[in-house]
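The next block holds one structure in the form of structure tokens; read it before the comments.
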There are 2 protein chains.
Amino acid sequence: MLGKTTEYAIRALVYIYIQNIKGERPGFKEIAKMIDSPEQFTGKVLQNLTRANIVSSMKGRGGGFFFNEPANPITLFKVIEAIEGKEYFLKCGFGLKRCDTNNPCPLHDDYAPVRDSFFKMVNEKTIQSLAYKINKHEATLNRL
Amino acid sequence: MLGKTTEYAIRALVYIYIQNIKGERPGFKEIAKMIDSPEQFTGKVLQNLTRANIVSSMKGRGGGFFFNEPANPITLFKVIEAIEGKEYFLKCGFGLKRCDTNNPCPLHDDYAPVRDSFFKMVNEKTIQSLAYKINKHEATLNRL
DNA sequence: TTATAAAAAGATACGTAAGTCTTTTTATAT
DNA sequence: ATATAAAAAGACTTACGTATCTTTTTATAA
Ligand code: FES
Ligand code: FES
């Protein structure tokens with residue numbers, strides 16, 4: 001459903017958060033290794049997330065990526081929005097120009113609930129909550 | 001969620017079915033006009049659907065597209081599978097190589113139900129059922 | 001049997017997502 | 001100050017989804 005870029009972004013942010021808890025600020029090479037993503041491209045994705053103020057970075061020796069306010073949770077939607085665009089959860093599943101409940105396509109009544117439950121989910125889940133699951137060993141960050 | 005190609009395919013098939021009921025076999029130019037899609041590309045998409053035995057076609061004067069067994073319903077999944085590939089509803093929402101309930105990613109418990117409800121939906125909905133809604137004027141085929 | 005109308009086929013182009021390579025900037029440690 | 005280590009930036013590729021144009025094949029009507 002989501003693009004690879006968005007998947008890398010979410011996995012990278014989760015890893016950064018986990019490391020931050022331990023007092024570390026990982027660099028993109030380490031991140032890429034740990035989440036199993038292409039190194040340079042991960043750097044580009046993180047550059048974009050930094051510009052979007054979703055994560056912070058420090059250049060130079062000892063630099064890396066970190067969250068300025070780790071307590072302030074970041075929803076997955078915020079990440080999806082930054083990468084896939086604002087319209088992602090508003091589109092018609094049948095491909096019409098707009099989704100319109102008052103003049104629906106023949107898929108609307110069945111598609112809209114699915115789309116909206118996905119939207120709800122990504123608004124509830126946060127980078128922090130995913131990281132927490134991994135730290136509790138209830139889930140895995142990668143599959144190497 | 002679905003690619004444009006798949007959306008064109010579904011809309012085209014619905015239109016073909018509606019016209020078939022009226023005893024017509026539309027050509028791709030007429031279809032493209034009615035579903036608001038690029039003409040030649042729609043021809044290519046229908047060519048693929050014909051090869052996949054989802055719809056039939058006749059060349060030559062009086063030719064066009066039609067369903068061989070209009071009573072045999074075609075699920076949306078069958079169309080999605082033909083265009084997006086068999087793996088579409090099996091992928092991990094977090095981007096891991098495989099989705100595995102027994103070794104889940106941190107999104108699995110929340111993502112899998114959404115993905116599976118989408119899967120269920122496209123297995124229940126058929127070209128025929130969508131066409132029926134349009135014929136009852138409960139839904140629209142396009143937004144011109 | 002010839003003209004016509006239609007899909008099929010093949011070649012090509014465009015646009016965006018995904019990915020790589022090289023250089024520049026910046027912070028830190030020595 | 002200088003060397004070093006890190007992200008940022010820019011140019012470039014590659015892959016794929018989307019789209020167009022032209023030619024070929026095939027069925028029908030006249
Ligand atoms: S109008 Fe198509 S999904 Fe709402
Ligand atoms: S393991 Fe990620 S969705 Fe199932």
Side-chain angles (χ1 to χ4, degrees), chain A residues 1-13 15-16 19 24-33 35-68 79-80 82-85 87-88 91 95, chain B residues 1-13 15-16 19 24-33 35-68 79-80 82-85 87-88 91 95:
Chain A
M1 310 263 213
L2 301 170
K4 287 191 195 187
T5 306
T6 306
E7 292 173 349
Y8 297 153
I10 294 173
R11 295 215 301 281
L13 293 172
Y15 179 71
I16 293 166
Q19 292 312 105
E24 308 282 334
R25 288 188 307 200
F28 69 82
K29 292 178 188 178
E30 173 187 342
I31 295 167
K33 202 164 290 172
I35 69 170
D36 190 27
S37 63
E39 197 173 90
Q40 301 286 344
F41 188 63
T42 303
K44 282 293 183 205
V45 173
L46 285 167
Q47 201 178 309
N48 291 334
L49 294 173
T50 301
R51 267 199 279 263
N53 283 310
I54 287 175
V55 71
S56 303
S57 70
M58 285 276 295
K59 282 187 183 181
R61 197 178 254 222
F65 293 89
F66 61 96
F67 292 97
N68 245 322
V79 182
I80 294 167
I83 295 174
E84 312 263 2
E87 307 299 301
Y88 195 72
K91 290 197 277 218
Chain B
M1 310 264 215
L2 300 171
K4 286 190 195 188
T5 305
T6 306
E7 291 173 349
Y8 296 154
I10 294 172
R11 295 215 303 279
L13 292 171
Y15 179 71
I16 292 166
Q19 291 311 106
E24 309 283 335
R25 291 188 306 200
F28 69 82
K29 291 178 188 178
E30 174 188 341
I31 295 167
K33 202 165 292 174
I35 70 170
D36 191 26
S37 63
E39 196 173 272
Q40 302 285 344
F41 188 63
T42 303
K44 284 289 182 206
V45 173
L46 286 167
Q47 200 178 307
N48 290 333
L49 294 173
T50 301
R51 268 199 280 261
N53 284 309
I54 287 174
V55 72
S56 302
S57 69
M58 286 275 295
K59 282 186 184 183
R61 197 178 257 222
F65 294 89
F66 62 96
F67 291 97
N68 246 323
V79 183
I80 294 168
I83 295 174
E84 311 263 4
E87 306 300 300
Y88 196 72
K91 290 197 276 218

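Chain identifiers are assigned alphabetically (A, B, ...) following the order of the sequence lines, protein sequences preceding nucleic acid strands; residue numbering begins at 1 within each chain.
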Starting from [atom2] on [N], measure out to [atom1] on [X] and report it in whole angstrom.
| X | N | atom1 | atom2 | answer |
| --- | --- | --- | --- | --- |
| A:F41 | C:dC21 | CZ | P | 14 Å |
| B:Q47 | D:dA19 | CD | P | 16 Å |
| A:R61 | D:dA5 | CZ | C1' | 6 Å |
| A:N53 | D:dA8 | CG | P | 12 Å |
| A:K33 | D:dA6 | NZ | C1' | 15 Å |
| A:R25 | D:dA5 | CZ | C1' | 12 Å |
| A:R11 | C:dA18 | CZ | C1' | 14 Å |
| B:Q40 | D:dT22 | CD | P | 10 Å |

Could you tell me which non-hydrogen atom of [X] sits nearest to which non-hydrogen atom of [Y], and how far apart they are?
| X | Y | answer |
| --- | --- | --- |
| B:F28 | B:E39 | CD1-O, 3.5 Å |
| A:V79 | A:A9 | CG1-CB, 3.9 Å |
| B:L46 | B:I31 | CD1-CD1, 3.7 Å |

Tell me whether the side-chain N/O atoms of [X] come closer than 4.0 Å to OP1 or OP2 in [N].
| X | N | value |
| --- | --- | --- |
| B:T5 | D:dT18 | yes |
| A:Y8 | C:dA18 | no |
| B:S57 | C:dA7 | no |
| A:R51 | D:dA9 | yes |

*Closest nucleotide of DNA chain C for A:G63 versus for A:T6: which of these residues is on the 5' side?*
A:T6

*Closest nucleotide of DNA chain C for A:P38 versus for B:T50: which of these residues is on the 5' side?*
B:T50

_Short side-chain to backbone donor-acceptor contact, B:E84 and B:L2, under 3.5 Å_ = no

*What is the nucleic acid contact for A:G64, judged by heavy atoms within less than 4.0 Å: base, sugar-phosphate only, or nothing?*
sugar-phosphate

*Of the candidate nucleotides D:dA19, C:dA18, D:dT25, which contains the atom at the shortest distance from the side chain of A:K4?*
C:dA18

*Look at the side chain of B:K44 and the base of C:dG10, then say whether one donor and one acceptor between them are separated by less than 3.5 Å.*
yes

_Working to the nearest 0.5 angstrom, can you tell me the gap between A:L13 CG and A:F65 CZ?_
10.0 Å

_With nearest nucleotide decided by heavy atoms, which residue, B:E39 or A:F28, maps closer to the 5′ end of DNA chain D?_
A:F28

